[in-house]
Amino acid sequence: MRPRVLALSLALCATAAQADEGMWMPSQLPEIARQLRAAGFQGDPADLAELTRAPMNAVVKVGGATGAFVSADGLVLTNHHVAFGVIQYNSKPERDLIHDGFVAVDRAAELPANPDFRVLVTTGFDKVTERVLKDARGKRGRAYYDAVDAASKALVAECEREAGYRCSVANMYYGTDFYLIRQLELRDVRLVYAPPDSIGNYGDEVDNFVWPRHSGDFTLLRAYVGKDGRPADYSPDNVPYAPPGHLQVATEPVREGDYAMLAGYPGVTFRHRMASEFVQQIEWQLPSRVDLYAGMIKTIEAAVGNDPEAKVRYAAQVAGFKNTLKRAQGELDGLRRSDAVRVRREDEAAMLAWLDKQAGARATRADIDSTQKVLDAGAATRERDQLLTAIRSQAQLLGAALTVQRLALERAKPDAERESGYQQRDETLIAGRLKQVQRRYWPAVEKELLRHLLLQYKALPKTLRVAEIERVFEGEDEAALKRSIDALYAHTGFGEEAARLEAMKSDAKALQSSDDSLLRAAAALTPAFLRIEEEGKVREGELLRLRPAYMRALIAYRHSQGRAVYPDANSTLRVSYGAVSTMDPRDGVRYQALTTVQGILEKHTGSKPFDAPQPLREAIAKGDFGSTADPQLKTQTVDFLTNLDTTGGNSGSPVLDARGRLIGLNFDSNWEAVSASWMYDPRYKRAIHVDMRYLRWLLAKVYPAPHLLKEMQLPAE
């Protein structure tokens, strides 16, 4: 048995934490209470650690991002782009809610979201490290992975015995600690209010990640439950959910220097990764991602052409692609600007030099070296794996067939042994995704996208080719692939919802003998994807076993420097704090802290993406801003800037003032800070938020919804 090396507490060394950096677990906040108060927080930091107390009990996971309850009747505020799939799902060429916006005049007029859309209310966050790792210790590779996976599934199954809850196990500090997350799963979510796209997405990709910004990126949804108060599928008889708490919108002005705090569900950060991983990210991953998404966007837009139905069906997917593309390019530019490779290499070298002087360093260094070997092995197939992931995830119909095939295989196992995502608990979500495929699919577009991706796959060295894919998609050139794909889609009924849901009931043998061409293809391809998945699990098991050595060394080193260590983000609830802030990105340029409606008119051209709608322009010209006007600027504000620490997934996060009241809604980062998922650079890190005064003004004066203002206990003027 190896000696316990650097068995230091992961408790915070709070005395030197930077006020602006950090995505803190709520449980950590009492330990940095002094910094929170020094920054201006007027509440009790201990309350922030309690998920059942205000304001944390109002913050929810919405879709793949964040939102917050803003009324006692289940009204949820999130971003327009977070709810864009809901808006798109309810849109048709003759009723284009994307273009026109939507205001439900009463609750009966609220529109159901797509069937797999969820609002999750976190009610529990408990450390379960010992239970997760108990049977893993002493094992390696796939055996280690399976032990962690089995323990996690057992915890989840135990947690979900009470109906209506969705549970998960979160990995903190890269396999060092594990937490059980318990969330109430609200399945009936409805669209209440969405501004037109020309407000909610004003500036589109031109302004994406750019300051100054003038976007009203918000949408209001409502969560419903059954009459018994429990989560339920959509029904006209359901009633609004009564949340444990909701945020009160502040009515005071927002000014530069004001305290600001954000709570949300940031996706993934990589700040504690090894220096070699920084090199791979900058030298391969980001450039290849830019090329991949640029190619998919170009292919879809060319295939869609001027077809209005196809445009609506692919609107959400293309918007997501464009955001990913611009983010990847911004991250690449930012990491180069911050000289991230050199900085991370030097920091790691200093840490290892410090480590070599500590007791038990040899065993720790051996694990670190072994970690690097595992990473090198994964890099050997990275081009193939990236393309196959895109093929599986971005081709709607083929992806649905692969999902049905995998579900049939997993159903033959005991539920506890099924792959995560294909257990009984997941079947409702799978059915929801299958139901909506036809609203996000157009045959000609999907075939062109698949052809585009397969051409890149065929350009890989033959050593990276996969036999099953070669058999299903025959040919090396464009014409041969087109014939192969056309034949595949000519003999399938999977474009119909009923066919997909019926196939979901079938076993693997029936699917394999089906006369549906896509189902036969999925049956042929699945062994290849399972084989590649197995290779990944062996590597993942070794990384779960080995990475904690690096993390313990890094935490101990930071501790020796008097620095705190928060875990990398992993879609669990986190809190950041800082202030409303200006920024000086380069010589002679200053980003002011707030923008106003005058900027909307300055940018307006009458054509997308600067096509401010006429009611908005008329309201600005009228100058009737009422109680939402800024007393210093003498006009209506739109967005504001803070130095809060955010990343993807923080979209829709509520921004709170010193008293915990809602002042803004996070929706973006500035271009200079997109790289913050890998490296925090205080010179450049800023976050962009919708000013709640702009929301109030739009609901009061432009696209009126006085009933919603009343519900949020706000003045209707």
Side-chain angles (χ1 to χ4, degrees), residues 140-146 148-149 171 174-175 268 270 273-296 324 328 331-332 341 367-395 398-399 402-403 405-406 409 419-421 449-476 481 521-547 550 678:
R140 293 173 176 266
R142 179 62 192 265
Y144 194 98
Y145 177 95
D146 286 344
V148 171
D149 187 52
N171 174 352
Y174 295 103
V268 184
F270 310 92
R273 290 294 182 97
M274 295 172 65
S276 63
E277 294 174 276
F278 274 67
V279 173
Q280 173 166 279
Q281 183 73 2
I282 295 167
E283 294 184 357
W284 177 77
Q285 181 62 77
L286 290 172
S288 69
R289 187 176 295 158
V290 167
D291 291 343
L292 175 67
Y293 280 84
M296 289 195 292
T324 299
E331 187 174 307
L332 182 60
V341 168
D367 278 357
I368 292 173
D369 292 342
S370 295
T371 302
Q372 187 58 60
K373 291 177 182 177
V374 176
L375 294 173
D376 292 342
T381 59
R382 61 193 183 186
E383 288 89 352
R384 178 202 70 185
D385 296 342
Q386 179 170 262
L387 282 170
L388 294 186
T389 297
I391 289 169
R392 291 178 67 181
S393 61
Q394 303 307 332
L398 177 60
L402 287 165
T403 296
Q405 174 66 27
R406 181 63 181 275
L409 291 174
E419 180 66 20
S420 295
L449 179 60
L450 192 54
R451 180 190 60 78
H452 168 75
L453 292 170
L454 283 167
L455 279 172
Q456 295 177 70
Y457 161 81
K458 295 286 186 176
L460 293 174
K462 290 192 180 296
T463 54
L464 291 177
R465 302 280 193 90
V466 179
E468 291 88 343
I469 293 177
E470 298 296 301
R471 288 195 293 270
V472 171
F473 300 104
E474 297 178 344
E476 296 290 321
L481 276 175
L525 291 171
T526 294
F529 288 122
L530 289 174
R531 192 168 61 250
I532 293 168
E533 184 179 291
E534 170 68 18
E535 296 169 1
K537 286 179 178 178
V538 172
R539 288 195 300 270
E540 182 60 24
E542 279 296 88
L543 291 175
L544 278 170
R545 180 179 71 88
L546 295 167
R547 278 194 191 273
Y550 186 90
W678 280 79

Between Tyr457 and Val466 (side chain of the first, backbone of the second, donor and acceptor by atom type, cut-off under 3.5 Å), is there such a pair?
yes
Test salt bridge (charged side-chain N to carboxylate O under 4.0 Å, His left out) applied to Glu540 - qualifying residues, sequence neighbours left out
none
Write out all pairs satisfying salt bridge (Lys or Arg N to Asp or Glu O under 4.0 Å) with one or both partners inside residues 453-463, taking only residues at least two apart or from two chains.
Lys458-Glu470
The side-chain contact (heavy atoms from CB on, under 4.5 Å) partners of Asp385 (sequence neighbours excluded) come to Thr381, Ile532, Arg539
Any residue meeting side-chain contact (heavy atoms from CB on, under 4.5 Å) with Val279, in chain and number order, not counting sequence neighbours:
Glu283, Val341, Arg345
Given the ring of Phe529, does Arg392 sit roughly above its face, with NZ or CZ under 6.0 Å from the centre of the six-membered ring and within 45° of the axis?
yes
May I ask you to say whether Arg531 pairs ionically with Glu535, meaning some side-chain N is under 4.0 Å from a carboxylate O?
no
Salt bridge or not between Glu277 and Arg382? Use side-chain N to carboxylate O under 4.0 Å.
no
Listed partners of Thr371 passing side chain to side chain donor-acceptor pair (under 3.5 Å), at least two apart
none
According to side-chain contact (heavy atoms from CB on, under 4.5 Å), who are the partners of Ala294, at least two apart in sequence or on a separate chain?
Leu325
Which is it for Glu419 and Glu533 under the side chain to side chain contact (heavy atoms under 4.5 Å, CB included) test, yes or no, and what are the steps along the way?
CA-CA 11 Å; Glu419 180 66 20; Glu533 184 179 291; 3.7 Å; yes
For the residue pair Trp678 and Phe278, categorise the inter-ring angle as parallel (less than 30°), tilted (30 to 60°) or perpendicular (more than 60°).
perpendicular
